[in-house]
Amino acid sequence: MGDAPRVTLIGAGMITHDQILPSLYHLQRTGRIGGIHICGTRAASLRALRDDETLRRAFPGQGFTAYPDPDSDGPPEPERYRQALADAPRHAIAVIAVPDQLHFPIAMEALRNDQHLCVVKPLALTYRDGETIAEEARRRGLLVGVEYHKRFDHRALMARSAYRAGKFGDFRLAQAQLHEPYYYRDSNFQNWCTCEHTDMFTYVGCHYVDQIAFITGLRPISVSVYGIRDTYPNGNEGFLWTDARVVWENGGCLSVVNAIGSPNAAAGANFQGIVMWGQGDRDATMLRHSDQFRGVTHSCTEAGDGPGDTVYSEPNPDYMRLLDMGGDGLTPVGYGYRSIEHIVEACVRAGAIPDLAERTAFLDRLDAEGIVATPRNSSHNELVIEAGRMSILAGGREVAIQYAPAPSVAFREYA
Ligand SMILES: NC(=O)c1ccc[n+]([C@@H]2O[C@H](COP(=O)([O-])OP(=O)(O)OC[C@H]3O[C@@H](n4cnc5c(N)ncnc54)[C@H](O)[C@@H]3O)[C@@H](O)[C@H]2O)c1
């Protein structure tokens, strides 16, 4: 594998299995990264990744170094990531895919070990934590890319170019939905996606907040989130249904609903999409993305054996698929793969620039381009999440975002 950098992946859950690890295996197969090291809290989740039939078939002969040993049966090891990161060479790459509330401490530990970073969204749950990550990364000349993979869906890039060329006029209203399937309630979500830590708006609503900012370049100025508490099978409570309203600096408004509420019996793997309306010179403008139904329908001999699999289905060919494109194994395609590839390749480039000033110039360019979400160019997301958490815990009160003298959030005062 020559000089290709090591990748340390912290987190061995669903997103690692479905998107990150297949993408990393492909980057390894094509020589762009070196050894893959994965740290989880439990041996069982690492064992499940190692023994996964689909991954074995797609990437024959490839594997990873695990922390802890997948064949051990000790208690959970929530601090083991420190060792995994300390073992990595300086200026290698860390990918962080743990529950939302752990992104901040684990990202900081990775930075202290001089790793370039890819962090699953949301980067952090408060603006202050996002800024702390940004400052530490800048001081050390390290790249932090936040994995908002919808940015790498070609339709989002098309919309961004067209909006910025003035073709959609001025953004006025948007409605978006992203509902995850009901069976998520039975998964590990019930242990962390609970009222005191996070909620469905924070977990997935942030994608559509980021889409509006990515497409229009506007900044959000106020947030209110109404959440309904529901009980998971293990008795924990989560805000499993949320309805958020985000107002933007030009007066435009996004309304987004999120839930673990897409029926298991439904044909899609989830339910998602957005419609935006704008004000043109002589007419209204409109953009509509069906992000779940992509024009493909299958009706098979029988349902698959995964939860929520149905005989009749509407598979999404665009997010993440492992396809037979000749050669050994299978090839990952889709915006899920492109997103990891883009961020990891940027980390590889940053890691290959020894001079701090030159590396900083490269990081400045990424911040300014705004294609990869970085702590500096996507701090609107942390502000919205911080405001959203305040709002949902206060029954939906409106929380205002201010940018001067310094970015902050506070309950809106009415005259
Ligand atoms: N659409 C998206 O962009 C998208 C989709 C899914 C998940 N995510 C994000 O990915 C993150 C993980 O989600 P998931 O669905 O994989 O959750 P999950 O519950 O399936 O997995 C979480 C994993 O985190 C690991 N973990 C927890 N504490 C740890 C610790 N101290 N050290 C090492 N590992 C630890 C465990 O291995 C666990 O398996 C969340 O932040 C989520 O918001 C993003």
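Just so it is clear, the values below take in all heavy atoms, side chains as well, and ignore hydrogens, waters and symmetry mates. Numbering of ligands and ligand atoms starts at 1, following listing order.
Between E79 and ligand 1, a contact under 3.5 Å exists for no N or O pair. Where the criterion is an N or O separation shorter than 3.5 Å, residue side chain and backbone included, M14 meets it with respect to ligand 1. Where the criterion is an N or O separation shorter than 3.5 Å, residue side chain and backbone included, H103 meets it with respect to ligand 1. For a threshold of 3.5 Å applied to N or O pairs, the pair formed by H207 and ligand 1 contains at least one separation below that value. Note: an N/O pair closer than 3.5 Å links I15 and ligand 1 by distance alone. Taking only nitrogen or oxygen atoms, main chain and side chain alike, V98 reaches within less than 3.5 Å of ligand 1.
In this structure, atom 31 (N) of ligand 1 lies nearest to the protein heavy atom P78 O, 2.9 Å. Remark: minimum distance from atom 25 (C) of ligand 1 to any protein heavy atom is reached at G11 CA, 3.8 Å. When hydrogens are left out, the protein atom nearest atom 7 (C) of ligand 1 is Y203 OH, 3.5 Å; that is the closest non-hydrogen contact. If you check which protein heavy atom lies closest to atom 21 (O) of ligand 1, you get G13 CA, 3.2 Å. Protein heavy atom at the shortest distance from atom 37 (O) of ligand 1 is A12 N, 3.1 Å.
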inquiry  = Working note: H149 + Q19, criterion side chain to side chain donor-acceptor pair (under 3.5 Å); need CA distance, chi angles, decisive distance, verdict.
reply    = CA-CA 10 Å; H149 45 244; Q19 182 192 343; 3.1 Å; yes
key: Verdict with reasoning, E314 to Q292, per side chain to side chain donor-acceptor pair (under 3.5 Å)   = CA-CA 8 Å; E314 295 171 350; Q292 163 251 312; 3.1 Å; yes
request  = Take Y148 and F214, measure what ring pair (Phe, Tyr, Trp, His ring centres under 6.0 Å) needs, and give me the verdict at the end.
outcome  = CA-CA 10 Å; Y148 280 98; F214 184 64; 9.6 Å; no
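Heavy-atom proximity to atom 43 (O) of ligand 1, evaluated over T202, D100, T16, I20, is greatest for D100. Summarising the contacts of atom 29 (C) of ligand 1 with D210, L9, T41, the nearest heavy atom is found in T41. Remark: among candidates H149, K121, K150, R42, the nearest residue to atom 44 (C) of ligand 1 is K121, based on non-hydrogen atoms. Within the set I96, L102, V120, I10, the minimum heavy-atom distance to atom 9 (C) of ligand 1 is found for V120.
Shown here are the side-chain contact (heavy atoms from CB on, under 4.5 Å) partners of R338, two or more places apart in sequence or in another chain: F152, H154, Y335.
Between W192 and ligand 1 there is a heavy-atom distance shorter than 4.0 Å.
Residues D71 and R50 are paired through a salt bridge, judged by an N-O separation under 4.0 Å between the basic side chain and the carboxylate. Under a 4.0 Å N-O distance rule, the pair E135/R139 does not qualify as a salt bridge. At a threshold of 4.0 Å, the pair R57-E53 does not count as salt-bridged, since none of the basic side-chain nitrogens sits closer than that to a carboxylate oxygen. Between E237 and R229 there is a salt bridge, since a side-chain N of the basic residue sits under 4.0 Å from a carboxylate O of the acidic one. Taking the charged nitrogens against the carboxylate oxygens, R128 and E131 have no contact shorter than 4.0 Å, which rules out a salt bridge.
Side chain of S290 to main chain of F293: a donor-acceptor pair is present (N/O by atom type, distance under 3.5 Å, no hydrogens or angles). Side-chain atoms of S45 come within 3.5 Å of backbone atoms of R42 as a donor-acceptor pair (strictly under, hydrogens ignored). With hydrogens and angles ignored, the 3.5 Å screen pairs a side-chain donor or acceptor of R359 with a backbone N or O of R140.
Taking every heavy atom of F189 and a limit of under 4.0 angstrom, the matching atoms of ligand 1 come to 15 (O). Short contacts between ligand 1 and P99, defined as distances under 4.0 Å to a heavy atom of the residue, involve ligand atoms 22 (C), 24 (O), 27 (C), 41 (O).
Of all the heavy atoms of S187, none lies under 4.0 Å from any atom of ligand 1, so neither backbone nor side chain is involved.
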